[in-house]
Amino acid sequence: MIYIASDHGGFKLKSQLTKFLAKNKHGFKDLGPKKFKDGDDYPDYAVPVAKKVSSKPNSDVGILICRSGQGVAIVANKFKKVRAALVWNTKEAKMSRTDDMTNVLCLPADYVSTKMAEQIVKTWLATPYSKNPRHLRRVNKISKLEK
């Protein structure tokens, strides 16, 4: 399952991406906000997504959006088994999956177009985790920090 959420700064892009996900027949749940709320706080929406991914980190993924992407990434990475990355282009999307095995994609609404965001999401979702021993070793070291 794909969980998606944003704050007010990412609301417009989230609305466009949910249409993109539906059109491409991806199963997703929009965790909010359902209506634009000027001045809302990104932790209020990043936390529910991170909790969902944290509970099923090998099968569920998240997409979080705020103006810079930084805030939602910081929040998501507070949760065990969540590896969130701020991504600006398709090369980073692919590398974040192969090298770092990310399960939460964070997008900066102020810095990517809808078209670019769609390409980033498409690439990120299509890229499998690496089986390269050095990538696995590094991710295992990260996992040990959570204990």
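One-based numbering along the sequence shown. Just so you know, these numbers come straight off a predicted model, no measurement behind them. Both backbone and side-chain heavy atoms feed into the values below; hydrogens, waters and symmetry mates do not.
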Is [Y] close to [X] at the side-chain level, that is, under 4.5 Å between some pair of heavy atoms?
X: Lys29; Y: Ile2; value: no
X: Leu107; Y: Leu17; value: yes
X: Thr114; Y: Leu13; value: yes
X: Tyr3; Y: Asp60; value: yes
X: Val49; Y: Val75; value: no
X: Thr127; Y: Lys94; value: yes
X: Val61; Y: Leu125; value: yes

Query raised in the report: Taking it one step at a time, do His8 and Asp38 satisfy side-chain hydrogen bond (donor to acceptor under 3.5 Å, both in side chains)?
Result: CA-CA 6 Å; His8 64 281; Asp38 192 27; 4.7 Å; no
Requested in this report: Could you verify whether a donor N or O on one side chain and an acceptor N or O on the other, from Thr90 and Thr123, lie under 3.5 Å apart?
Outcome: no
Identify whether [X] and [Y] are in the same connected component of the hydrophobic contact network (ILVMFWY, side-chain heavy atoms under 4.5 Å).
X: Val82; Y: Leu31; value: yes
X: Ile63; Y: Met1; value: no
X: Val87; Y: Phe20; value: yes
X: Val47; Y: Leu64; value: yes

In Å and rounded to the nearest 0.5 Å, what is the [atom1] to [atom2] distance from [X] to [Y]?
X: Asn58; Y: Lys56; atom1: CG; atom2: NZ; value: 11.5 Å
X: Ile120; Y: Ser96; atom1: CD1; atom2: OG; value: 10.0 Å
X: Arg138; Y: Asn140; atom1: CZ; atom2: CG; value: 12.0 Å
X: Lys141; Y: Leu136; atom1: NZ; atom2: CG; value: 12.5 Å
X: Ile65; Y: Leu105; atom1: CD1; atom2: CG; value: 8.0 Å
X: Lys37; Y: Asp7; atom1: NZ; atom2: CG; value: 12.0 Å

Please report the closest heavy-atom contact between [X] and [Y], naming both atoms and the distance.
X: Leu21; Y: Phe28; answer: CB-CD2, 3.6 Å
X: Ala93; Y: Trp124; answer: O-CD1, 3.5 Å
X: Gly9; Y: Ala109; answer: O-CB, 3.4 Å
X: Asp40; Y: Pro33; answer: OD2-CG, 3.9 Å
X: Asn103; Y: Arg97; answer: CA-NH1, 4.3 Å
X: Ala84; Y: Ala73; answer: CB-O, 4.2 Å

Query raised in the report: In chain order, what residues pass the side-chain contact (heavy atoms from CB on, under 4.5 Å) check against Ser15, with sequence neighbours excluded?
Result: Phe11
Query raised in the report: For Ser130, what residues pass the side-chain contact (heavy atoms from CB on, under 4.5 Å) criterion, not counting sequence neighbours?
Result: Thr98, Asn132, His135
Query raised in the report: Counting only heavy atoms not in Lys34, do more than 12 sit closer than 6.0 Å to its NZ atom?
Result: yes
Requested in this report: Keeping the roles fixed (side chain from Asn89, backbone from Lys91), state whether a donor-acceptor pair exists under 3.5 Å.
Outcome: yes
